[in-house]
Amino acid sequence: MLEKSFNPAEAEKRLYEAWESSGVFKPRAAKPTDTKADNYSIVIPPPNVTGSLHMGHALNNTLQDILVRFNRMRGKAVLWQPGTDHAGIATQMVVERKMAAEGGPQRKDMSREDFEARVWEWKAESGGNITQQLRRLGASCDWSREKFTLGDPTNPDDKMVEAVTKVFVEMYEQGLIYRDKRLVNWDPKFQTAISDLEVETKTVDGHYWHLRYPLADGVTYEHPITDEDGKVTGHETRGYIVVATSRPETMLGDTGVAVHPDDERYAGLVGKEVILPIVNRRIPIISDDYADPEKGSGAVKITPAHDFNDYDVGKRAGHTPINLLDESAHVLALEIIPEEYHGKSVKEARKMVVAAFDAAGLLQETEDLKIEQPVGDRSGVVIEPMLTDQWFVDAKTLAVDAIEAVDNGKTKFVPANWKKTYDNWMHDIQPWCISRQLWWGHQVPVWYGPKKIGSESKMLPALNNSMMFCCHSEDELKEAAAQYYSELTDRIVKIEIYTLDKLNKKIVGHEAGGADRDAAFPMYEFSGDELIISLYRDPDVLDTWFSSGLWPFSTLGWPENTEELERFYPGSVLVTAFDIIFFWVARMMMQGIHFMGEVPFKDVYIHALVLDEKGQKMSKSKGNVVNPLELIDTYGADALRFTMAAMAAQGRNVRLSTQRIEGYRNFGTKLWNAARFAEMNGCVSQADFDPSSCTQSVNQWIVSEAVTTVKDVTKFIEDYRFDAAADAAYKFAWGTYCDWYLELIKPIMGGEDGAAKTETQAATAWALDQILKLLHPFMPFITEELWANTAPSRDSKLIITAWPDLGDELINVDAADDINWLVRLISAIRSVRSEMNVPPSKKAPLLMLADALDPRLSKFADNLERMARVDGVEAASEAPKGALQTVVDGVGFAIPLEGLIDMDAEKARLSKEIAKVNAEIEKIDKKLGNEAFMAKAPEKVVSLQNERRAAFSAELEQLSEALANLA
RNA sequence: GCGCGAUUAGCUCAGCGGUAGAGCACUACAUUGACAUUGUAGGGGUCACUGGUUCAAUCCCAGUAUCGCGCACCA
């Protein structure tokens, strides 16, 4: 016996554990008949291991689970590959914060190895949160295959690290990864480089300072004076040139002033020099297209080491960039900079520079402006362009195939308009900076050693000119190094590999760190007959997205040629939000195509962001974050999932409202009660029930409706129309099955006809089964629970029950017509009764205004009596005085309820109806009277209009008669 | 500056070249009959604006307005 209601809190846990332990989340075994199309796979967008489930995850994973459960039921071998992302910066930050709170030794006090151990420890404690939360949502991932982007050090079979190393080494050898000294975005808080994508721009209040740079050697020129309209009204003699900047402190590192080659104002100054105030350096005035005569004064200061555009200008002009700042964005103690600036922060230095210009009478103007400031997406601090040695991926080259794959449809975006976003970015892609100055991540598999061997032992530093060995392992490294150095010496070569921790940054190449390198490390030493070579590993780790980009194949065991790789690559679809198209989707495309020779997934379904009820992005600072776990506690996972699906219309954001979740929770209850009704009436699923064998119209009708619904829901899910699929299933379950079918069968259930009752019991159970199957991908828990309890003898779980496949031959058009007519008739009677305020308790016979009674009326008399509250059906030539009247399909009906009806109100109601119908007829007549319409509109449209015309005029006739009757 | 999207009922949103839809909210009625986490009925829309294409436009095209988003630039 079913309980009075469904208890999600109790059932969800029990059902999930039963599923997971029974192994149904694993892909079914391969069959000899399987083709590639019989396999279905999705890789989960790996949530940060530090994360906890937010609404974005809830939406993302609900949609994936719907696809996964749907395809599993359709008999495919389904793999939903789960796992988490090591999330370099985020995780290192979380652990460091925790260590700071605990007050023990901090990262900088520890060795790299100890810190890494500490993070692993943290992961063991807290890293499983998010995966537990995904289970609560009902995600049917194959947890036995769970992966971590940083690998599993305790499992020798885990290939995640090997995959990353192999990719790096091969790309290095192919020239697709290279080390370069370039300007990168530097995060002074985390003291690491970050990629372009990790930089956000924020609008803040700022200033433009217009600074005068005095011309050297007493040079002057005539500067045009303009009026408001830009007309030149005169000239003044200037011994200086004006530059404007929002970052005056960078002038300490200026290497020149640029003007446009066509700018007549400054034409005479090109080649001359200015004396850079404060530092008293002479720097040249150069001509460069970059200078825009329309902006500011037309002259622009050039600081190659701290501005991306200036860097290019400086390069063209052959200037040597001057690095001003250290890792934490404080001014370096350089000889060319006055001492009082040393060690000052950017902000302090700015104040000092402005004050100095002001004092020297060189501050022409201070302008208040909104300026766009680059900030780190994780740290929130101002990002400084810094000139450092970093590792880069040649994304431009990789992008070529990735663009083509989408162009020729190997990978399709859904909705399709995201292709444009992808294309725009891919076509303008910049080198991808992949090195991070962190400890938590995949360490760059490159070791440095001396390039040449001199006659004396040599100590660090000399790494800028060092030999790089990029190798899969230390064994391979030793071999490669031994070979290299043997060719340089007659001595016995001995290779020593050092791991560096605390001193990492000082040793390898980050010049932003300044010159204080530790010289205590040998590069090579002579010892008797031996040459001892010291090799040091690059301390940097790789951008997290570098390893996430391999996720579609690394999780399947690559570089081993595994069975899973064969079966499940490429993935069927990737489901993700648009905000990581660049971060992740683009990188997976590039790396997947390059290493697997095939796109990583066939479809990319891009879903919306989840916003709050007001359409605001959820954020902790706004305090409008809704925790999906709390919603699951309150309403159950099924309600949350159904809401997510129902709101996931393509191309829209999802505004979450608890009201809506409540509504879908009610839907679950409705379903539960329908099942209880079925149970009470002895409707038990019959294994051998044949829906085509039904003889009762109502059963034939529900079968026909089920056929249509199954077809719709199936098509909608295939097309990623989750909202439409949910809607179709919802309408069938509630609107068709509960509201009409269950009501219509009540007379049979309480009737005498045993055969009809037996058939109807089986049909009711069958239709409920179809509903449970259709709803299972959306509401897995309640449907599985009902599946088990409505037919206890069933041995298989719903989750692996075949998706319904009903043929059109099951559609019975006559039965459907009859029942649909009955539904219209009942609705019409209910409507007039309600409008005329007839109490439900008042009953009267239903009179059909015709010579003979429509046989359907007597056939469905029981239904009419019960649902339309009439008392028998009869034919009558005309409506008696004071009867309630209505028209269905051009036939008039009357219910004699004299005395209960306000005749004036009835007259008004009928007149209103007549007016409505008249208006329609008029519209149609206008169309039919239009020659152009008759000549050019398709025949189908014309005949449809004629049919409508006939129906309306029959209705009009009946209504007019009814009105006349009242008079 | 480039690009994308939106504008339909009070709210949140579907939809479609020919007949305007849902959920919620609202109003009235029903009071326990599977279900009050309910049932029945009802009111409510110049489909942002202006042109164009078409026999026919809420839908297609162009433009305008407003809102939102992404990218780039920013001396």
Side-chain angles (χ1 to χ4, degrees), chain A residues 2 4-6 196 201 208-211 242-247 257-258 290-292 294-302 307 309-310 367 369-372 415 417-418 420-421 423-425 428 578-579 581-582 609 611 613-615 617 635 639 643 646-647 649-657 659-660 662-681 721 723-724 727 730-731 735 738-739 742-743 746 826-827 830-835 837-841 867 869 920 923-924 927 930-938 940-942 944-945 948 952:
Chain A
L2 285 170
K4 190 134 174 51
S5 64
F6 178 60
D196 300 349
T201 40
Y208 279 156
W209 285 275
H210 296 248
L211 308 176
V242 175
V243 295
T245 178
S246 61
R247 306 207 43 193
V257 172
Y290 167 66
D292 182 347
E294 303 296 320
K295 282 185 188 161
S297 64
V300 56
K301 61 192 274 311
I302 300 298
D307 182 286
N309 291 306
D310 291 7
E367 204 181 335
L369 272 178
K370 298 271 181 208
I371 59 167
E372 304 291 320
N417 55 293
W418 289 109
K420 198 150 192 172
T421 304
D423 279 347
N424 285 349
W425 190 71
D428 191 34
F578 62 81
D579 52 349
I581 291 180
F582 306 143
L609 297 179
L611 308 175
E613 267 163 300
K614 292 175 194 138
K617 229 176 184 172
Y635 301 105
T643 309
M647 297 178 80
Q650 289 183 2
R652 281 263 198 177
N653 286 333
V654 172
R655 290 196 194 185
L656 187 79
S657 101
Q659 252 180 356
R660 194 127 183 213
E662 205 178 316
Y664 291 124
R665 188 267 322 265
N666 296 353
F667 175 50
T669 307
K670 186 76 182 174
L671 189 65
W672 187 265
N673 280 302
R676 285 181 69 215
F677 173 80
E679 183 183 56
M680 285 174 201
N681 285 282
R721 302 281 318 275
D723 58 326
D727 195 48
Y730 178 94
K731 282 195 168 117
C738 291
D739 286 350
L742 294 185
E743 294 301 327
K746 280 177 181 174
I826 292 170
S827 300
R830 282 171 169 176
S831 177
V832 283
R833 289 183 62 117
S834 167
E835 270 189 75
N837 289 316
V838 178
S841 54
M867 296 175 74
R869 307 195 73 85
E920 287 298 326
K923 255 162 80 182
I924 296 169
K927 251 184 199 173
N930 181 344
E931 273 173 42
F933 173 77
M934 297 304 282
K936 296 199 177 175
K940 240 173 126 180
V941 172
V942 176
L944 181 74
Q945 294 301 327
R948 290 185 65 222
F952 278 124

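Per chain, numbering begins at 1; letters A, B, ... match sequence-line order.
Note on A/K670: a side-chain N or O is less than 4.0 Å away from OP1 or OP2 of B/rG39. Between A/R833 and the phosphate of B/rA28, there is no side-chain N or O to OP1/OP2 separation shorter than 4.0 Å. In this model, the phosphate group of B/rU38 is approached by a side-chain N or O of A/N666 to a distance below 4.0 Å at OP1 or OP2. Dashed line: the shortest gap from a side-chain N or O of A/Y290 to OP1 or OP2 of B/rC74 is under 4.0 Å. Side-chain nitrogen and oxygen atoms of A/S831 include at least one within less than 4.0 Å of the OP1 or OP2 phosphate oxygen of B/rG42. Dashed line: the shortest gap from a side-chain N or O of A/K420 to OP1 or OP2 of B/rC4 is under 4.0 Å. The phosphate of B/rC74 has OP1 or OP2 within less than 4.0 Å of a side-chain N or O from A/N309.
Nearest to the side chain of A/E743, among B/rA34, B/rA28, B/rA75, sits B/rA34. When the nucleotides B/rC69, B/rA30, B/rA34 are ranked by their closest atom to the side chain of A/F677, B/rA34 comes out on top. Considering only the side chain of A/P938, B/rC55 comes nearest among B/rA34, B/rA14, B/rC55. When distances are taken from the side chain of A/T245 to each of B/rA75, B/rC69, B/rA41, the shortest belongs to B/rA75. Taking every side-chain heavy atom of A/V941 into account, B/rG18 is the closest of B/rA25, B/rG18, B/rA41. Considering only the side chain of A/F933, B/rC55 comes nearest among B/rC55, B/rA75, B/rC29. Proximity note for A/R665 (side chain, C-beta onward) versus B/rC74, B/rU37, B/rC55: the nearest is B/rU37.
Note on A/A678: nothing from the nucleic acid sits closer than 4.0 angstrom, heavy atoms only. Nucleic acid contact for A/F952: none, since no nucleic acid atom lies under 4.0 Å from a heavy atom of the residue. Heavy atoms of A/T421 sit nowhere under 4.0 angstrom from any nucleic acid atom. Across all strands shown, A/E931 has no heavy atoms under 4.0 Å from either base or sugar-phosphate atoms. Note on A/T669: a base of the nucleic acid sits closer than 4.0 angstrom, heavy atoms only. Contacts of A/E367 with the nucleic acid, taken as non-hydrogen atoms under 4.0 Å apart, are absent. Nucleic acid contact class of A/V243 (heavy atoms, under 4.0 Å, all strands): none. Within 4.0 Å of A/K301, counting heavy atoms only, lies no atom of the nucleic acid at all.
B/rA57 sits 13 Å from B/rG51 when the C1' atoms are compared, rounded to a whole Å. Rounded to whole Å, the C1' atom of B/rU12 lies 14 Å from the corresponding atom of B/rU7. Across the P atoms, B/rU46 and B/rC59 are found 16 Å apart, a figure rounded to whole Å. Across B/rU40 and B/rG33, the matching C1' atoms stand 15 Å from one another, rounded to whole Å. Taking atom C1' in both B/rC13 and B/rC29, the straight-line distance is 29 Å, to the nearest Å. Rounded to whole Å, the separation between the C1' atoms of B/rC2 and B/rC74 comes to 15 Å. Comparing the same atom, P, in B/rG45 and in B/rA9 gives a spacing of 10 Å after rounding to whole Å. Comparing B/rG44 with B/rA20, their C1' atoms sit 13 Å apart, to the nearest whole Å.
A donor N or O paired with an acceptor N or O is not found under 3.5 Å between the base of B/rA28 and the side-chain atoms of A/E835. Between the side chain of A/R830 and the base of B/rU40, no donor-acceptor pair of N or O atoms lies under 3.5 Å.
Protein atom CG of A/D723 is 10 Å distant from nucleotide atom C1' of B/rG15, rounded to whole Å. Between A/N424 atom CG and B/rG1 atom C1' the separation is 14 Å, expressed in whole Å. Between A/N930 atom CG and B/rG18 atom P the separation is 17 Å, expressed in whole Å. Atoms CD (A/Q945) and P (B/rG17) sit 16 Å apart, rounded to a whole Å. Straight-line distance from the CG atom of A/D739 to the P atom of B/rG23: 10 Å, rounded to whole Å. Summarising the geometry, the separation between CG on A/N417 and P on B/rC2 is reported as 20 Å, rounded to the nearest angstrom. Straight-line distance from the OH atom of A/Y664 to the P atom of B/rU12: 16 Å, rounded to whole Å. In this structure, the NZ atom of A/K927 is 10 Å from the C1' atom of B/rC55, given to the nearest Å.
Within the 3.5 Å criterion, the main-chain N or O of A/K927 finds no donor-acceptor partner in the side chain of A/Q945. Side chain of A/R676 to main chain of A/S5: no donor-acceptor pair is present (N/O by atom type, distance under 3.5 Å, no hydrogens or angles). Looking only at distances, a side-chain donor or acceptor of A/T643 sits under 3.5 Å from a matching main-chain atom of A/A639. Listed for the A/N681 side chain is a donor-acceptor partner under 3.5 Å among the backbone atoms of A/F677. Under the 3.5 Å distance criterion, the side-chain polar atoms of A/R833 are matched with a main-chain donor or acceptor of A/R869.
Listed by chain and number, the residues in a salt bridge (Lys or Arg N to Asp or Glu O under 4.0 Å) with A/K936 amount to none (sequence neighbours excluded).
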Original post:
Taking only Watson-Crick and G-U wobble pairs with both distances under 3.5 Å, what dot-bracket line describes RNA chain B, where [ ] shows pairs that cross earlier ones and | shows pairs with another strand?
Top reply: (((((((..((((....[..)))).(((((.......))))).....(((((..]....))))))))))))....

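Both A/I371 and A/G663 lie near RNA chain B, and the one whose nearest nucleotide falls closer to the 5' end is A/G663. Comparing A/D727 and A/A937 along RNA chain B, the residue whose closest nucleotide (by nearest heavy atom) sits nearer the 5' end is A/D727.
Ring geometry, A/Y730 versus A/F667: the interplanar angle falls from 30° to 60°, so the pair is classed tilted.
Across A/L742 and A/A674, no two heavy atoms sit closer than the pair CD1-CB, 3.9 Å. Closest non-hydrogen pair, A/V300 versus A/A291, comes out as CG1-CB, 3.9 Å. Between A/V257 and A/A299, the closest heavy-atom pair is CG1-CB, 4.0 Å. Summarising the geometry of A/K301 relative to A/T245, their closest heavy-atom pair is CD-CB, 3.8 Å, with the distance given to 0.1 Å.
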